[in-house]
Novice: 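Pasting in a structure now, in structure tokens, and then I'll have a few things to ask.
Convention: sequence-line order gives letters A, B, ...; per-chain numbering from 1. No experiment lies behind these values; they were computed from the predicted model shown.
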Amino acid sequence: MTTDQIVLELRALPGAPDALRERVRALPQPRVRREWQFPALNVRRTLFVAAPAAVALALGAAAMHGVLSSGGQRIEKAAAPAQVNHGGSVHRALRGEASGSAATTTTPSFGAVTGQHAMTQLTPLTPLTPRAIPPSTTRLNRYQAWLRVQVERDKLSSSATQAMRIARGYGGYVASVDLNTPGQRGRASLLLRVPVMKVQQAVLRLETLGAVTAQHVRIQDLQRQYDTQQRQIEKLRIFIAGLRARLASPSLPADERLRLQYQLEQATHSLTVKTRAHEKTQREGTLATISVAFSVKHAAAAAPHHRGRLGRTLGDAGHFLIAELAWLLYALIVVAPIAALVALVVFGVRAARRGSDRRLLEGA
Amino acid sequence: MRDVNAVETLAAGRTHAGRAPSFASVAERHLDDVYRYLLVFTRDPALAEDLTSETFERALRAWRRFDPRRASPRTWLCALARNVALDWFRSEQRRQRRERAAAEPERAAAAPDLGLSPELERALAKLSAADREILALRVVLELDPETTARLIGVTPTAATTRLNRALQRLEERMNDDD
């Protein structure tokens with residue numbers, strides 16, 4: 001039998017018997033079909049329409065956000081220009097005169113606040129009005145001043161040299177210098193000791209070397225300490241004199257002499273220590289300490305450009321669009337692996353089912 | 001083999017009044033096709049009747065979900081018939097396993113009477129259900145390769161290859177019989 005004959009014979013198979021036909025006709029009518037159904041999804045057509053619609057929606061939302069958020073006056077903050085940090089932060093404090101009262105609020109970064117002190121208000125890169133706090137003329141003070149001065153890059157070395165000359169010119173000396181000029185940057189740190197009666201003039205002269213961006217003065221009263229030490233020294237001298245007078249007596253018993261000699265030695269030692277401390281206090285009150293930090297002035301920050309309404313709208317819309325893209329990317333990164341996994345499982349199950357059916361039919 | 005599916009899809013979407021076809025009309029029109037398909041597939045007229053009836057019962061329950069834009073009624077009914085037949089084959093396989101496990105003798109199958117010539121029936125009996133299925137779909141129902149491939153879950157090329165092999169085996173069985 002040829003293939004054509006086989007085909008003809010197979011196509012000539014009888015149709016359903018009448019009994020089956022009646023059985024099928026007897027099936028009840030189904031409930032009324034929904035005439036409206038969800039439109040059949042054509043992937044290509046859907047993408048062709050949905051993709052531009054999604055892009056248009058995103059752009060529209062970004063534009064709306066830009067329009068809504070750019071409305072009204074807006075005060076834009078000026079960008080803070082870069083600052084040079086010398087290991088201490090720029091600080092702000094209350095303006096005040098040196099007085100006998102205790103100090104106030106913030107702790108300056110240059111040193112601990114004790115006793116009297118005065119601080120001046122600071123603004124980064126805004127030159128201060130030079131104003132040196134005069135020391136007391138009637139009392140002994142420990143006078144410490146810190147200055148931060150900005151100079152031109154090519155004047156850094158000369159400014160440091162000039163500062164040293166100023167200190168020496170007022171009868172003081174340079175305790176330490178640290179000068180470093182790497183590339184376009186540079187800094188110099190000087191520790192100057194100047195007679196306290198000349199410190200005001202010295203500070204004023206130092207402030208003229210550049211733009212003062214920070215200043216800190218601390219004045220600590222040493223008079224009380226000095227007077228106390230003085231009184232203690234006097235007492236010790238009197239005590240020592242009394243001991244010597246008693247030791248000069250020939251009729252002093254041996255044990256008493258020994259005891260008095262021991263006391264004399266102790267008192268003499270104490271006098272030596274107190275005298276040294278007294279001299280140190282006097283020296284501290286005689287010479288003021290000025291720390292000067294020179295830094296190189298940077299290029300002036302560009303004045304902030306105030307954008308008009310259109311510019312703000314476009315800027316805000318652009319930021320919103322970028323945020324949308326970021327979220328879309330995030331969603332893709334998060335959802336894509338899950339979707340891929342689900343698709344893999346679905347296809348895997350289908351493939352397994354098909355393979356199982358094939359094996360079933362081939363074995364049947 | 002003529003391709004009737006494209007014409008049917010178009011016709012199925014609209015009756016002469018422009019509405020979707022009714023279940024009764026679809027059942028009446030395609031009952032013979034489903035029966036012949038199952039007859040060749042299972043080689044058992046009584047079984048084919050039962051499975052045909054079950055196919056239309058399932059079709060009745062799923063009628064609300066049928067979308068004539070996605071497939072013709074005949075293709076849809078053949079897909080349902082295939083699932084019904086597969087369910088039967090699976091249950092038959094389980095039954096045979098149980099019988100083998102219980103060492104029960106298999107029931108002797110009566111020689112089917114499909115209305116074909118004896119040599120063709122004998123040759124068909126030697127083919128696997130997979131071969132009979134492809135013959136039923138492509139030869140008896142004259143479905144196009146794409147629709148057939150979609151029904152059995154293979155590519156159109158694979159469907160054509162299976163048909164050629166099935167016909168070749170059928171010829172060989174018939175020649176062996178001679």
Novice: Does any pair with a residue in residues 150-169 of chain B pass salt bridge (charged side-chain N to carboxylate O under 4.0 Å, His left out), and if so which ones, sequence neighbours excluded?
Specialist: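 For residues 150-169 of chain B: B:Asp131-B:Arg169.
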Novice: Is a side-chain donor or acceptor of A:Glu9 paired with a backbone partner of B:Ser117 at a separation under 3.5 angstrom?
Specialist: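 Yes.
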Novice: Of all heavy-atom pairs between B:Glu49 and A:Pro17, which one has the smallest distance, and what is that distance?
Specialist: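 So the minimum-distance heavy-atom pair works out to OE2-CG, 3.3 Å.
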Novice: Got a second to check how far A:Arg21's CZ is from B:Tyr35's OH, nearest 0.5 Å?
Specialist: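 It comes to 11.0 Å.
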Novice: Working to the nearest 0.5 angstrom, can you tell me the gap between A:Arg23 CZ and B:Asp50 CG?
Specialist: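 Rounded to the nearest 0.5 Å, the CZ-CG separation comes out at 5.5 Å.
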Novice: Do you know which two heavy atoms are closest between A:Ala16 and B:Leu31, and how far apart they sit?
Specialist: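 Smallest interatomic distance, heavy atoms only, reads CB-CG, 3.7 Å.
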Novice: Taking side chain as everything from C-beta outward and backbone as N, CA, C, O, which of these in B:Leu120 sits under 4.5 Å from a heavy atom of chain A? Side chain, backbone, both or neither.
Specialist: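 Contact with chain A involves the side chain of B:Leu120 alone.
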Novice: Which side-chain N or O atoms in residues 350-364 of chain A pair as donor and acceptor under 3.5 Å with protein atoms at least two apart or in another chain?
Specialist:
from: A:Asp357; atom 1: OD1; to: B:Arg90; atom 2: NH2; distance (Å): 2.6

Novice: Could you tell me which non-hydrogen atom of B:Val139 sits nearest to which non-hydrogen atom of A:Arg11, and how far apart they are?
Specialist: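 Closest heavy-atom pair between B:Val139 and A:Arg11: O-NE, 2.9 Å.
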Novice: Determine the option with the most heavy-atom pairs under 4.5 angstrom with chain A, choosing from B:Phe89, B:Phe23, B:Phe41.
Specialist: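 Counting heavy-atom pairs under 4.5 Å, the top option is B:Phe89.
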Novice: Among B:Ala59, B:Ala27, B:Ser53, B:Gly115, who wins on heavy-atom pairs under 4.5 Å with chain A?
Specialist: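 Of B:Ala59, B:Ala27, B:Ser53, B:Gly115, B:Ser53 has the most heavy-atom pairs under 4.5 Å with chain A.
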Novice: How many angstroms lie between CD in B:Glu171 and OG1 in A:Thr3, if you round to the nearest 0.5 Å?
Specialist: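 It comes to 3.5 Å.
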Novice: Tell me, for B:Leu39 versus chain A, whether the close heavy atoms (under 4.5 Å) come from the side chain, the backbone, both or neither.
Specialist: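 It is the side chain, since no backbone atom gets that close.
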Novice: By a 4.5 Å heavy-atom criterion (distance strictly below it), what part of B:Val40 contacts chain A: side chain, backbone, both, or neither?
Specialist: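 For B:Val40, the contact with chain A is made by the side chain alone.
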Novice: With respect to chain A, which residue among B:Ala48, B:Ala85, B:Ala24, B:Ala130 yields the maximal number of heavy-atom pairs within a distance under 4.5 Å?
Specialist: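 Of B:Ala48, B:Ala85, B:Ala24, B:Ala130, B:Ala130 has the most heavy-atom pairs under 4.5 Å with chain A.
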Novice: Calculate, to the nearest 0.5 Å, the distance between atoms CG and OH belonging to A:Leu13 and B:Tyr37 respectively.
Specialist: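 So the CG of A:Leu13 and the OH of B:Tyr37 are separated by 14.5 Å.
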Novice: Any chance you could measure B:Arg138, atom CZ, to A:Leu10, atom CG, to the nearest 0.5 Å?
Specialist: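 Nearest 0.5 Å value for the CZ-CG distance: 13.5 Å.
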